[in-house]
Amino acid sequence: MKTACCVLSAAVLAASPLVFAQHGSSASNMALAGHDDLQGRSAYQPFVKESRGRWLAYIGHHGGKALNTLTGREEDNGTSIVDVTDPRKPRYVAHIPGEPGQAESGGAQMVRVCNGSELPKGDKSKVYMLRNFGNQAHELWDVTTPEKPTRLALVVDKLRDTHKSWWECDSGIAYLVSGLPDWRVRRMTQVFDLSDPAHPRFIRNFGLVGQQPGATGPAPTELHGMISTGPKGNRIYFGYGTNKSGVLQIVDRQKLISGPPEPTPANLLAPQVGRFDMNVNNGAHTTLPVPGIQVAEFAKDKDGGKRDIVVVVDESLANECTEPRQMVWIVDATDERTPVSIATYTVPESHPSSSGGFCSRGGRFGSHSSNENQPPMYAGHYVFVAWFNAGVRALDISDPYHPREAGYYIPATTDKTDKRCVKDASGAERCKVAIQTNNLEVDDRGYIYAVDRANTGLHIIEFKH
């Protein structure tokens with residue numbers, strides 16, 4: 001089933017003549033269920049959790065300012081909380097201000113949530129939120145009553161950067177993307193025990209050999225984020241680099257947590273199980289493990305045809321294709337010691353949904369991130385990828401050697417959608433309005449939550465597979 005539509009709002013049509021290329025929505029096998037404008041704030045990460053009978057979307061924002069319509073005050077962008085119990089009628093319930101500043105220099109981009117009933121030492125009646133405070137710190141909040149969030153604890157501060165961390169609800173262990181002043185890269189890993197959120201306990205610092213204090217020679221590319229399979233899977237998949245010199249590092253979780261904490265080369269290397277190095281033009285923004293895919297073509301082979309796959313997604317950083325193409329890499333990690341790339345996927349620049357070409361549409365064109373939660377209706381079959389001005393892309397990886405597009409949804413621009421600019425050969429600035437789908441997530445009901453970097457808000461999408 002395929003659908004498409006193109007409707008422009010009057011406000012968009014009346015935009016400045018310096019701003020053009022506005023567009024309506026277009027779709028294939030996907031449909032918009034609900035939308036919230038997030039008060040016109042630039043959004044980075046959505047995280048969706050069912051707590052105490054309600055489904056809540058927690059959204060981390062880039063820096064900037066906007067009016068909080070709940071309080072009537074202008075507030076620095078931070079964390080939005082939206083009740084999505086009815087995805088067709090999302091309801092904005094709270095905004096927690098973040099660090100003052102613009103774009104990457106402010107806000108509170110990252111957010112994770114655990115119910116107290118899941119945590120080993122949490123208050124069973126409470127709900128806890130982990131977030132960064134701009135580039136300065138990591139914080140824990142009590143969001144049991146989402147309309148009235150309160151800060152519970154400061155995990156660590158005086159950092160020079162933060163980014164997309166991970167929190168295991170079943171163990172309470174958190175892997176924080178931090179920037180310590182004495183480390184040689186802007187971002188590395190700090191491991192904390194947050195099983196009792198009111199009393200954070202530091203475990204160790206971690207990174208690639210060469211990133212640690214006192215090392216010499218070129219420092220490996222900085223950390224972006226990680227995905228842990230928790231105590232049961234005992235693996236953590238670290239992604240380094242966003243659009244260049246990427247590294248997928250597979251780590252034994254237990255060895256990381258229990259190993260000697262001093263960041264010597266030997267201690268940093270000890271938990272490593274395998275490593276996949278990428279070329280200078282591509283990075284590892286998101287590293288999603290998808291284990292145990294049964295490849296039908298190989299079912300009669302000696303090994304039975306099961307493959308442990310990691311979906312590695314690059315991040316596009318430059319507007320209008322002024323950098324190498326960033327895309328999806330399918331990596332076979334069945335033999336963890338020697339992961340190997342078996343396929344790639346990119347949205348064609350002249351895809352039918354591009355209306356003349358994505359490179360000329362405005363803003364970034366290329367991949368950014370995949371979903372991380374993998375509910376049963378999608379696990380091992382579909383992965384969803386944010387593709388900036390190409391919206392949300394559903395990728396069928398049931399045959400990981402031949403990934404194929406299974407659907408897409410590109411949201412419509414609105415009067416809140418911000419422009420994106422480039423300079424021509426003469427140095428003159430040229431600007432266009434375009435959707436910039438930034439990150440997405442999937443909830444256990446199967447809804448897809450995509451947020452927009454260019455202030456267009458939260459889009460809740462149904463996939464008609």
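Here, residue 1 is the first one in the sequence, and each next residue gets the next number. The figures that follow rest on heavy atoms only: side chains count, while hydrogens, waters and symmetry mates do not.
- Applying the ring-ring contact (aromatic ring centres under 6.0 Å, His included) test to Phe276 and every residue at least two apart in sequence or in another chain returns nothing.
- Under the 4.0 Å criterion applied to side-chain N and carboxylate O atoms, Glu320 and Arg420 are not assigned as salt-bridge partners.
- Donor-acceptor pairing under 3.5 Å is lacking for the side chains of Gln136 and Asp157.
- Looking at His61 and Thr79, their side chains never bring a donor and an acceptor atom within 3.5 Å of each other.
- The main-chain N or O of Leu119 is found under 3.5 Å from a side-chain atom of Lys124 such that the two form a donor-acceptor pair.
- Side-chain N/O atoms of Arg325 and Thr346 include a donor and acceptor closer than 3.5 Å.
- No side-chain donor-acceptor contact under 3.5 Å links Asn132 to the backbone of Thr162.
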Could you give me the CA-CA distance, side-chain angles and deciding distance for Arg364 and Glu315, then say whether salt bridge (Lys or Arg N to Asp or Glu O under 4.0 Å) is met? CA-CA 10 Å; Arg364 303 183 192 184; Glu315 178 184 3; 3.1 Å; yes

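- The pair Asp196-Lys121 does not count as a salt bridge, with every side-chain nitrogen at least 4.0 angstrom from each carboxylate oxygen.
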Pair His368-Gln436, side-chain contact (heavy atoms from CB on, under 4.5 Å): steps then yes or no: CA-CA 10 Å; His368 186 188; Gln436 295 285 269; over 6 Å; no

Please evaluate residues Phe365 and Phe388 with respect to the criterion ring-ring contact (aromatic ring centres under 6.0 Å, His included), reporting the C-alpha separation (whole Å), side-chain torsions for both, the decisive distance (0.1 Å), and the verdict. CA-CA 6 Å; Phe365 167 59; Phe388 288 113; 9.6 Å; no

Do Tyr449 and His459 pass the ring-ring contact (aromatic ring centres under 6.0 Å, His included) test, and can you show the C-alpha distance, the side-chain angles, and the key distance before you say yes or no? CA-CA 6 Å; Tyr449 298 78; His459 301 93; over 10 Å; no

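- There is no side-chain donor-acceptor pair under 3.5 Å between Asn282 and Asn243.
- When the options Lys164, Glu99, His62, Arg131 are evaluated for a side chain to side chain contact (heavy atoms under 4.5 Å, CB included) with Gln109, the one that passes is His62.
- Under the 3.5 Å distance criterion, the side-chain polar atoms of Ser367 are matched with a main-chain donor or acceptor of Asp314.
- Donor-acceptor pairing under 3.5 Å is lacking for the side chains of Arg187 and His224.
- Ring pair His138/Phe192: centre-to-centre distance not below 6.0 Å.
- Residues Tyr58 and Trp141 keep their aromatic ring centres 6.0 Å or farther apart.
- Of the possible polar contacts, none joining the Lys49 side chain to the Asp443 backbone as a donor-acceptor pair under 3.5 Å is found.
- Between the CG atom in Asp452 and the CG atom in Asp37 there is a gap of 11.5 Å [rounded to 0.5 Å].
- Between the side chains of Asn77 and Arg41, at least one donor N or O sits under 3.5 Å from an acceptor N or O.
- Between Arg393 and Glu405, at least one side-chain nitrogen of the basic residue sits less than 4.0 Å from a carboxylate oxygen of the acidic one, meeting the salt-bridge criterion.
- Every residue two or more places apart in sequence or in another chain that forms a ring-ring contact (aromatic ring centres under 6.0 Å, His included) with Phe463 is listed here: Tyr382, Phe384, His465.
- For Asn68 (side chain) and Gly72 (main-chain N/O), no donor-acceptor pair under 3.5 Å exists by modelled atom type.
- In summary, the side chains of Ser51 and Asn115 do present a donor paired with an acceptor at a separation below 3.5 Å, with no hydrogens or angles considered.
- When atom types are taken as modelled, the side chain of Asp252 and the backbone of Lys255 share a donor-acceptor pair closer than 3.5 angstrom.
- Pro220 and Leu208 get closest at one heavy-atom pair: CB-CD1, 3.7 Å.
- Formation of a donor-acceptor pair under 3.5 Å by the Asn389 side chain with backbone atoms of Phe358 is found in this model.
- Using a 4.0 Å cut-off between charged side-chain N and carboxylate O, Glu462 and Arg88 make a salt bridge.
- A donor-acceptor distance shorter than 3.5 angstrom exists from the side chain of Thr144 to the backbone of Val127, with no hydrogens or angles considered.
- Between the His23 side chain and the Ser354 main chain, no donor and acceptor come within less than 3.5 Å of each other.
- The backbone N or O of Cys421 sits less than 3.5 Å from a side-chain atom of Asn319, completing a donor-acceptor pair.
- Using modelled atom types, one finds no donor on one side chain facing an acceptor on the other under 3.5 Å when comparing Ser117 with Arg52.
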For salt bridge (Lys or Arg N to Asp or Glu O under 4.0 Å), just list the numbers for Glu104 and Arg453, CA-CA rounded to whole Å, side-chain angles, deciding distance to a tenth of an Å, and then say yes or no. CA-CA 11 Å; Glu104 301 288 338; Arg453 192 182 190 95; 2.7 Å; yes

